[in-house]
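Structure record follows, encoded as structure tokens.
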Amino acid sequence: MDVTTIIEPLNDAQRQAVTAPSGALLILAGAGSGKTRVLVHRIAWQIEVEGLSPQSILAVTFTNKAAREMRSRIETLLNVSAHSMWIGTFHGLAHRLLRRHATEAGLPDTFQIMDTADQLRLIKRVLSALNYDEAKWPAKQVLWHINAQKDEGIRARHTAETGDIYQRTMLKFYRAYEDLCERSGLVDFAELLLRVHELWRDNPAILAHYQQRFQQVHVDEFQDTNTIQYAWLRLLTQDANNLFVVGDDDQSIYGWRGAKIENIYAFQRHYPDHQVIKLEQNYRSSGNILTAANKIIAHNSGRMGKELWTQSGIGEPILLYVAFNEQDEAHFVIERIRAWADKGGARNSIAILYRSNAQSRQFEERLMQAAIPYRVYGGLRFFDRAEIKTTLAYLRLLANRHDDASFERIINTPTRGIGAKALDDIRTLAREQNSSLWSAAIALLQSGQQAARAANALNGFLLLIKQLGDQTAPLALCEKVKIVIEKTGLIAFYEKDKDNKGEEKVENLEELVNAAKHFETASLPDGEENLTELDRFLSHAALESGDMQADAFEDCVQLMTLHSAKGLEFKLVFLVGLEEGLFPSQQSVDDIARLEEERRLCYVGITRAMEQLYLTYSESRQLYGRESYPRPSRFLREIPADTIQEVRMRAQVQRPVASVNIPAKPALLASINQFKTGQKVRHEKFGVGVILQTEGEGKHERVQVKFPEGIKWLMLSYAKLEAV
DNA sequence: CTGACGAACTTTTTT
DNA sequence: AGTTCGTCAG
């Protein structure tokens, strides 16, 4: 293979990164600077030029999608199968390692992975078993606490029984939860990572084996790694310094779920001989967009420092639209989308980006009205759907009778007359004899203490599972699935459910059979040879919740949160709802660290745009059922004026009734002389109040008024205020 | 076990 | 406002 294919398409900085000698490398890759390309070409370089064998390559990503993309791009570039390379997510790779070394890691061979919903179910069980009131100890909070501990590498046994009641109680939950997981053979997502860390830490021989095997370790989105993930990487590479990480401190937007930007600084301390290479040339956006992005992010402190630039010229100005209300905002956006499409622009090159999911509705309604096809990201994924999870729970119980999370899920789904009472008895007995629910159910039935009807129902369930087990044992995976959905009555259950969703669920179940069939042929066991096909399928389902299929290739306008937009690019981007309290979100405004994360989110949003960026905000917005009059986002002020142009549109939407008869001019005049701090005013809805402060001018002038029911910001040109 | 009513919420999401 | 979740009666 010709080496020029690898280095020819690269710019200087990229080439420097790709061809750097082995060692600790930190690639600071700005948005749109070709970071995946660098990663892919680096790996190709190591194989083709440095002569590394594909087996000695490890590449870690955060999402399955990123892993797939990297693998396929390497295959395209090298024109060989990348099968023998370890490319995957942290969780996927951890899973693989644990399957290989289950015994050393202290896990049963057939351990299964549970997702967050399963985990929550188990925690609820722990809480009720320990007799704690869920109102006072919300399961969600306990889950969060346990995961946070695991992400920091802390086990229950590492924590001393000191501290306040809260700490001690949480510790108690943590301990009980660990016991339950152990007994059920279940492992949550955080546990996968923690276990591998412990496996390597406590088994020098195993660690040495992998240290030797993986001559080069590559990490994508390094700024998103949490404590345990970084600790994992360090164990693997600390002696050889063979760690190649790519990341962007300015695009760290997952601090709230444990990601540590500090890992970037820690990297520089831990690998003293490291080299830093910055990728600052941007191949995505026009000059104005980059200028705005650079200026905004410059307001953050403690950055590594990076300035994006482009050869492609200034481009169109960024356009700002100030809407009366959220309907007007949506209307404006849809008009511009229509204009873009009329000029022949593809709809799937358009994105509407918002801070919170709730904002999508206005846009969906308008798009629907305008008959423009659209797609909202972030819905339920395939393996997360209730009917799918239920079927999987049956399969899991077939694979392992002591899987309590699954047992609970299906014991009465579809309903078979096993009510809360019976389930409670089973739980109590399980607790008393310290056994799984399955064993307890058998014991309960044998004790003969139940009412005839309850005993009958329970017997029916146990029998069903036993029969299914016997019947499906010799069958192929997809036949197993087929039998399960038929014999359990799930199909019949959903067919009866005419509430317009039943039909879809039946289709999904059939799709699951398909997925199983596909899995039989597609999956090559590796590191999982000792597992049954069913076990492997179940792990696959847990680790890969499955992108939403279909629609993806249709020519649709894309609607998504700023978080889901990371890594994507669109010719035309609408960044909407730029208002204080929304973006930055209310919860972030009085904490500098969180505010800076919001700013990075804004940076991410802006840098999604290739050709045209629209920013919008609304002067009034319905929020939690109340009318609010938010101030424009501070981020707007951080964008240089010469890159922005305000769009004036004639009102095509009715103004709110309260303001329809107020001509703009008089309101403006009135605002100059009439209202001052300390003055009393009357509002038709809020009553009499006192002005606390004023701000802005002309159409944008607003006053803060203290009313009996609270303090409000009011837009003078819309709120009908009378002097008292 | 279903359905209805009322209370309590309400940033972001992957594995 | 709209949704979800838990409790209560039937």
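Within every chain, numbering begins at 1; the chains are lettered A, B, ... in the order of the sequence lines, protein sequences first and strands thereafter.
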### Query
Has N64(A) got a side-chain N or O lying under 4.0 Å from the OP1 or OP2 atom of dT14(B)?
no

### Query
Does OP1 or OP2 of dT11(B) have a side-chain N or O of Q587(A) closer than 4.0 Å?
yes

### From K389(A), R125(A), K124(A), residue fulfilling salt bridge (charged side-chain N to carboxylate O under 4.0 Å, His left out) relative to D118(A)
K389(A)

### Message
Need one value for D188(A): base, sugar-phosphate or nothing, where a base atom within 4.0 Å counts as base even if backbone is also close, heavy atoms only.
### Response
nothing

### Message
Would you call the rings of Y210(A) and H101(A) parallel, tilted or perpendicular, taking 30° and 60° as the class edges?
### Response
perpendicular

### Message
When you measure only distances, ignoring hydrogens and angles, does the side chain of T116(A) come within 3.5 Å of the base of dT15(B) through a donor and an acceptor?
### Response
yes

### Task
Give a yes/no answer on whether the side chain of S564(A) brings an N or O atom under 4.0 Å of OP1 or OP2 in dT13(B).
yes

### Message
In this structure, how many angstroms lie between the P atom of dT12(B) and the CD atom of E597(A), rounded?
### Response
14 Å

### Task
May I ask you to evaluate whether N357(A) reaches the phosphate of dT13(B), defined as a side-chain N or O under 4.0 Å from OP1 or OP2?
yes

### Message
Tell me whether T561(A) contacts the main-chain N or O of S564(A) through its side chain, where contact means a donor paired with an acceptor under 3.5 Å.
### Response
yes

### Query
Has Y254(A) got its ring stacked on the base of dT14(B), with centres under 5.5 Å and planes less than 30° apart?
no

### S184(A) side-chain N/O to L180(A) backbone N/O, donor-acceptor pair under 3.5 Å
yes

#### Entry: L120(A) CG - dT15(B) P separation (whole Å)
19 Å

### Rounded interatomic separation in angstrom, taking CZ from R621(A) and P from dT11(B)
15 Å

### Query
CH2 of W232(A) versus P of dT15(B): gap in Å, rounded?
15 Å

### Query
Using atom P of each nucleotide, how far apart are dC5(C) and dT12(B) to the nearest Å?
15 Å

## Note on the structure
Assign each of Y624(A) and T415(A) the nucleotide of DNA chain B bearing its closest heavy atom; nearer the 5' end lies the nucleotide of T415(A)

### Task
Report the nucleotide, chosen from dT13(B), dT11(B), dT14(B), that has the shortest atom-to-atom distance to any side-chain atom of T561(A).
dT13(B)

### Query
Could you give the NZ-to-P distance, from K140(A) to dC5(C), as a whole number of Å?
7 Å

### Message
For a quick check under 3.5 Å, do R536(A) and H540(A) share a side-chain donor-acceptor pair by atom type?
### Response
no

### Rounded distance in Å - CG (D118(A)) to P (dT15(B))
16 Å

### Query
Want to settle it: does G417(A) or H563(A) sit nearer the 5' end of DNA chain B, counting the closest nucleotide to each?
G417(A)

## Note on the structure
When rounded to whole Å, the CZ to P distance for the pair R355(A) and dT10(B) reads 14 Å

### Query
Can you tell me how far CZ of R234(A) sits from CH2 of W200(A), rounded to the nearest 0.5 angstrom?
14.0 Å

### Message
Can you tell me if Y377(A) touches the phosphate of dT14(B), counting only side-chain N or O atoms and a distance under 4.0 Å to OP1 or OP2?
### Response
no

### Message
Using a distance-only criterion (donor-acceptor N/O pair, under 3.5 Å, no hydrogens), is the base of dT11(B) paired with the side chain of R594(A)?
### Response
yes

### Message
Can you measure R600(A) atom CZ to dT11(B) atom P for me and round it to whole angstrom units?
### Response
20 Å

### N/O (side chain, R381(A)) to phosphate O (OP1/OP2, dT15(B)) under 4.0 Å
yes

